[in-house]
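Here the structure comes first, spelled out in structure tokens, and everything after it is commentary.
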Protein chains: 2
Amino acid sequence: MLSYTEENYLKTIYHLSEGGQKSVLTNEIAASLLTKAATVTDMIKKLSQKEFITYEKYYGVNVTKKGKTHALSIVRKHRLWETFLVEKLNFMWDEVHDVAEQLEHIQSPLLIEKLDEFLGYPTADPHGHPIPDKHGKIKQEKQIVLKDAIIDKALTVCAVRNGSSSFLQYLSKIGVSIGVSLIVKERIEFDGSLEVSIQNKKPQLISREAAENILVKE
Amino acid sequence: MLSYTEENYLKTIYHLSEGGQKSVLTNEIAASLLTKAATVTDMIKKLSQKEFITYEKYYGVNVTKKGKTHALSIVRKHRLWETFLVEKLNFMWDEVHDVAEQLEHIQSPLLIEKLDEFLGYPTADPHGHPIPDKHGKIKQEKQIVLKDAIIDKALTVCAVRNGSSSFLQYLSKIGVSIGVSLIVKERIEFDGSLEVSIQNKKPQLISREAAENILVKE
DNA sequence: ATAAAAGTTTAGATTAATCTAAAAAATATT
DNA sequence: AATATTTTTTAGATTAATCTAAACTTTTAT
Ligand SMILES: [Mn+2]
Ligand SMILES: [Mn+2]
Ligand SMILES: [Mn+2]
Ligand SMILES: [Mn+2]
């Protein structure tokens with residue numbers, strides 16, 4: 001139905017549209033995919049012609065119902081594969097993204113059904129991101145950005161917003177992973193960094209930058 | 001290094017060159033890949049330019065050392081994935097080929113290392129085909145085509161030569177799978193079909209066509 | 001309200017993979 | 001040995017994905 005490349009564009013557009021209801025702009029897509037605006041314009045035309053997105057010239061694109069369904073199936077595959085790599089093959093959580101980027105394009109509904117079953121129908125991937133079920137339904141927990149958390153309240157890490165190796169390796173180093181308990185002890189006015197106790201250990205500083213990329217629940 | 005398409009051509013050329021030492025001809029490749037001779041000629045030029053094969057105009061191609069190494073790594077991936085699908089995800093042996101055809105192109109040496117370990121370093125895939133190790137070494141058992149087997153000798157099925165669903169489903173139906181014991185009771189002169197006892201049960205007829213596609217050992 | 005800047009689209013090329021039809025070479029047949 | 005047949009290659013198109021440069025629209029700043 002869609003080529004490998006078209007799928008990557010659709011998934012990216014879907015992710016850029018998540019949350020806000022503004023249209024997704026050509027340059028945003030180009031930046032995400034490390035490609036050029038002219039290339040994006042061409043692809044946009046193709047995807048809108050196929051009715052995965054709607055497109056208003058100069059004003060950006062929106063994902064259609066059909067587009068969202070397909071995008072969610074790609075996201076589902078990506079996250080199930082990431083889960084497989086970590087749970088079954090003992091990958092580190094910072095090693096899985098690039099491989100899943102390829103595996104998400106494998107076409108076989110039976111494979112995904114059976115993989116899901118083999119993994120015990122997981123609802124979140126190794127980064128805490130929700131895995132859509134086979135109908136595209138996402139079980140979303142209420143989560144807060146660590147940066148905005150209340151002082152002295154017991155929190156649990158539930159996801160990361162950034163899947164880069166450097167960030168994930170940094171988190172591993174300071175002892176942060178999904179499910180770990182945190183308490184914010186102090187917010188430093190000057191640079192927005194936080195003093196955080198991880199698993200009730202001696203508080204340590206986490207930069208504002210990092211705190212913006214850690215999601216927690218109460 | 002090689003595109004998805006180039007890998008498919010290289011693997012096909014490698015398989016066509018297995019056994020014999022004759023050059024592989026343009027039309028053979030075209031037939032295997034359901035493509036046209038003109039397309040094959042172009043691809044041959046590309047692969048020989050990259051030194052995966054040598055090419056003598058009008059006389060066909062041969063796989064180089066470098067080409068064989070790469071082809072074996074694709075075959076290794078294909079067969080490891082097939083093994084995974086059957087052993088871990090409970091696919092039937094006739095359902096795995098098309099998915100493995102896609103999975104064999106995933107690029108990640110780490111993934112294959114870990115998959116191999118997860119599967120316990122298997123030496124044969126669900127069809128009895130040998131899985132090259134990470135150095136490309138194949139552990140090949142001596143095997144006989146059932147058609148040529150000696151009458152009344154105890155045999156064990158070790159591989160199939162044809163991976164088509166229809167053939168594999170037929171085999172499942174008559175109770176033939178890898179490891180099953182067979183005894184050829186009689187060879188029918190007229191059409192070359194064989195009367196075979198499967199797992200010591202009442203002998204039944206197997207066509208010459210089928211007997212040419214079953215490999216056994218003593 | 002203009003003019004400048006920023007963002008987007010169009011025009012024109014390029015590369016990979018494919019095809020059909022024509023030309024060329026090798027093989028088989030008389 | 002000459003001719004016919006088969007096989008292979010070349011020539012010329014097409015489609016997908018990409019790029020640069022130029023043209024056009026929208027937004028921002030004077
Ligand atoms: Mn991808
Ligand atoms: Mn993830
Ligand atoms: Mn393949
Ligand atoms: Mn196989």
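So that the names make sense, note that chain A is the first sequence line, chain B the second, and so on, each numbered from 1. Values in this document were obtained by computation on a predicted structure and should not be read as measured data.
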[X] [atom1] - [N] [atom2] separation (whole Å):
X     : N      : atom1 : atom2 : result
B/E56 : C/dA24 : CD    : P     : 21 Å
B/K36 : C/dT18 : NZ    : C1'   : 10 Å
B/L33 : C/dC19 : CG    : C1'   : 15 Å
B/K22 : C/dA26 : NZ    : P     : 20 Å
B/K45 : C/dA16 : NZ    : C1'   : 14 Å
B/L47 : C/dA16 : CG    : P     : 12 Å

Basic-acidic side-chain contact under 4.0 Å: [X], [Y]:
X      : Y      : answer
B/E104 : B/R76  : no
B/R208 : B/E212 : yes
B/K11  : B/E101 : yes

Is any side-chain N or O of [X] closer than 4.0 Å to OP1 or OP2 of [N]?
X     : N      : value
B/Y59 : D/dT9  : no
B/N27 : D/dT8  : yes
B/Y9  : C/dT18 : yes

Considering only side-chain heavy atoms of [X], which listed nucleotide, [options], is closest?
X     : options               : result
B/K57 : D/dT9, D/dC19, C/dT20 : D/dT9
B/T39 : D/dT20, C/dT18, D/dT7 : C/dT18
A/D42 : D/dT18, C/dT18, D/dT9 : D/dT18
B/Y58 : C/dG7, C/dA25, D/dT18 : C/dA25
A/T26 : D/dT10, C/dT18, C/dT9 : C/dT9
B/T35 : C/dT27, C/dT18, D/dT7 : C/dT18

Discussion item. I want to confirm an ordering. Mapping B/I44 and A/E6 to their closest nucleotides on DNA chain D, which one lands closer to the 5' end?
Written reply: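 Nearer the 5' end of the strand: B/I44.
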Discussion item. Judged by each residue's nearest nucleotide on DNA chain D, which is more toward the 5′ side, B/E28 or A/M43?
Written reply: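 The residue whose closest nucleotide sits nearer the 5' end is B/E28.
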Worksheet item: With a 4.5 Å heavy-atom cut-off, do B/Y121 and B/L80 have their side chains touching?
Response: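 Side-chain contact under 4.5 Å: no.
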Worksheet item: Would you say the side chains of A/H78 and A/D125 form a donor-acceptor pair under 3.5 Å?
Response: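 The answer is no; no qualifying pair exists.
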Worksheet item: Using a cut-off of 4.0 Å on non-hydrogen atoms, how would the nucleic acid contact of A/T41 be classed: base, sugar-phosphate, or nothing?
Response: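 Counting heavy atoms under 4.0 Å across all strands, the contact made by A/T41 includes a base.
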